[in-house]
Amino acid sequence: MLCALAAIPILIAVAVRLSSSVPPGRGPAFLDRITQNGLFVGVTAMLVSVPLFLPLTVGVVAGDTVAGEAGLGTLRYLLVAPAGRVRLLLVKYAGAVAFAVAAPLVVALVGAGIGAALFPVGPVTLLSGDSIGAAEALQRLLLIAAYLAVSLMGLSAIGLFMSTLTDVPVGAMASTVVLSVVSQVLDALPQLEWLHPWLFSHYWLDFADLLRQPIAWESFLTNALLQGGYVAVFGALAYGRFVTKDVLS
Amino acid sequence: MTAAVPATELSIETTGLSKRFGHQLAVDGVDLAVPKGSVFGFLGPNGSGKTTTIRLMLGLAVPTGGSVRLLGEDMPRQLHGVLPRVGALVEGPAFYPFLSGAANLHRFDAADPHVPAATRKARVRSALERVGLTHAADKKVRAYSLGMKQRLGIANALLAPRDLLILDEPTNGLDPQGTREVRSLVRSLAADGATVFVSSHLLAEVEQICTHAAIMSAGRLVAQGTLEELRQGGQARIRVVTPDAGTAAEVLSRLGLSAATSPGGAAPGGGGVLYAPLPGAAGNGEAAPEAVVAALVAAGVRVRGFAIEQVSLEDRFVALTGEGFDVVQ
């Protein structure tokens, strides 16, 4: 799955390289800047994968955590070992988190790599108008990847909870991905504005503040707080469900 | 039922153990008493609640009522202290198909924080050796046959020294050689002092390896005890082969025995076959076997064959759980 994610920036870079010119203002943000600076491949690729690819892969991994073991029948042997239910749940969540960290990181690094290979790399002009060197720009890229990783913590916890509800991993994966789409759709409806700050996908695209000088940490913190809340609530739900669950698979 | 054994000498003790799924009572007031050091056969037709009982014992499911004590400790409260001393095979083996046999065992062993990681490699190797899978240790489990998976499941139960082994259908899917090996494995485990609790629906197997047995039917425990006690629960019967079936039946009923002709019809040689339960173990009085023969001969019945048949465990099993496909559900 990490390979599939890595294919996204490669696809973008190759497509831009092969087409003669990208008219400014069309396509995803930053797309027109790629030809001037290869580092923008990473930014563009992350931007493109936020709505679907990242939640999709994270949903698959998080949904598979417990339900996958139950589906294979190995859950009963892990519990009889005895792995301990709380310990197993924590290890499984740590695994999902590790993937949520790795996924945007792969997109960013592969993007920067392929961008550097196909396009010139130079100083980057930030949204605030300041200019920073390529090395510092790479740091900002990693910062965005970290922002996305934090953004996906809540979804991972939801996936973990879904995974404790069923013995069919596909069911848990699908419902997690569907929830992420529903959250984004609700976020797009202006009539539900009161709800927006509470949706776990609300701040997913707000990483532009990390491209200012100095960095505005506000959205990072708000996002982290919201995701922490989701982790607490759905982590508790998953715990409550899994500790009392009859393992009959 | 077994004679009262001090609770400390029971490896498994359940009292009034019950489990309800929706409307169905899968396990209904089961009082098991598995003595320490025994090889205990847990019998019952498919769907009689054997596996659910095992899940309750191992803390995989929470009982609706009643309690379980494993190795003298309360389950599931003492689960973390007890389960490291228990090896289990529950409802067939289950593995990660994309890992090798040895890697699977490594993973399950690593799941238990109580066992030393340093000896893991050696323990995995010896467990595989014990079930004869050394040659397939590095093969992916996907490529294993059903019998090999079954053995790997048993190897998983033997990863650490255990005081109690709970094996659910351990010979399922094994060829006759594999079955024999499992039998000798169970005997050697028992010889090492472990208690072995084997669930099965193969009666011949239980008769060969077990010292004790219990029979489940429709979620209830209908009998338990030593094999000898279980067999005695049934009645012996006499079998008479004679061409004069009518007269013989009269004589038998005069003696107070309710004779029945065999469902199989005529015996070879044109005679009829009669069965009658042998009342009581007391060998005296009118109904003693030798007195029955004398009475038959005196009445002019040509007796071609006479035998006392002991009930087999199978007869007892069928008597307790129902005939053919009409098993009590």
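Labels below follow one simple rule: chain letters A, B, ... track the order of the sequence lines, proteins then strands, and each chain is numbered from 1.
- The choice from A:Arg87, A:Lys245, A:Arg85 that makes the most heavy-atom pairs within less than 4.5 Å of chain B is A:Arg87.
- Per-residue counts of heavy-atom pairs under 4.5 Å with chain A were compared for B:Thr51, B:Val86, B:Leu60, B:Asp109; the largest is that of B:Leu60.
- Taken from CD in B:Glu91 to NZ in B:Lys50, the straight-line distance is 10.5 Å, to the nearest 0.5 Å.
- B:Phe21 touches chain A through its side chain: at least one heavy atom from C-beta onward sits under 4.5 Å away, while N, CA, C and O do not.
- Of the listed residues (B:Gly92, B:Gly153, B:Gly87, B:Gly59), the greatest number of heavy-atom pairs within a distance under 4.5 Å of chain A belongs to B:Gly92.
- At least one test fails for B:Arg142 against the ring of B:Phe98: distance under 6.0 Å to the centre or angle within 45° of the axis.
- When heavy atoms are compared at a cutoff of 4.5 Å, B:Asn104 does not approach chain A at all.
- By the 30° and 60° cut-offs, the orientation of the rings of A:Phe220 relative to A:Tyr147 is perpendicular.
- The main-chain N or O of A:Pro51 is never found under 3.5 Å from a side-chain atom of A:Trp204 such that the two would form a donor-acceptor pair.
- Side-chain contact between A:Leu138 and A:Leu141 is present, with heavy atoms from C-beta onward closer than 4.5 Å.
- The main-chain N or O of B:Val30 is found under 3.5 Å from a side-chain atom of B:Thr14 such that the two form a donor-acceptor pair.
- In this structure, the portions of B:Phe108 lying under 4.5 Å from any heavy atom of chain A include both its backbone and its side chain.
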Residue pair B:Tyr144, B:Gln150: steps toward the side-chain hydrogen bond (donor to acceptor under 3.5 Å, both in side chains) verdict:
CA-CA 10 Å; B:Tyr144 275 30; B:Gln150 193 73 23; over 6 Å; no
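- When heavy atoms are compared at a cutoff of 4.5 Å, B:Ala110 approaches chain A solely by way of its backbone atoms N, CA, C and O.
- Classification of A:Asp246 and B:Lys19 as a salt-bridged pair holds, one side-chain N sitting under 4.0 Å from a carboxylate O.
- Chosen from B:Val115, B:Val62, B:Leu58, B:Val90, the residue pairing most often with chain A at heavy-atom distances under 4.5 Å is B:Val90.
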Could you go through the salt bridge (Lys or Arg N to Asp or Glu O under 4.0 Å) check for A:Lys92 and A:Glu69 one step at a time?
CA-CA 10 Å; A:Lys92 285 293 179 185; A:Glu69 299 280 358; 2.9 Å; yes
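- Along residues 75-84 of chain B, the residues that come nearer than 4.5 angstrom to chain A, judged on non-hydrogen atoms, are B:Leu79, B:His80, B:Leu83, B:Pro84 in order of number.
- For the set A:Ala83, A:Ala81, A:Gly73, the entry with the most heavy-atom pairs within less than 4.5 Å of chain B is A:Ala81.
- With respect to B:Asp192 and B:Arg130, a salt bridge is recorded, a charged nitrogen being found less than 4.0 Å from a carboxylate O.
- Below 30°, between 30° and 60°, or above 60°: for A:Phe200 and A:Tyr230 the angle between ring planes is above 60°, a perpendicular geometry.
- With a 4.5 angstrom heavy-atom cutoff, B:Leu89 touches chain A via backbone and side-chain atoms both.
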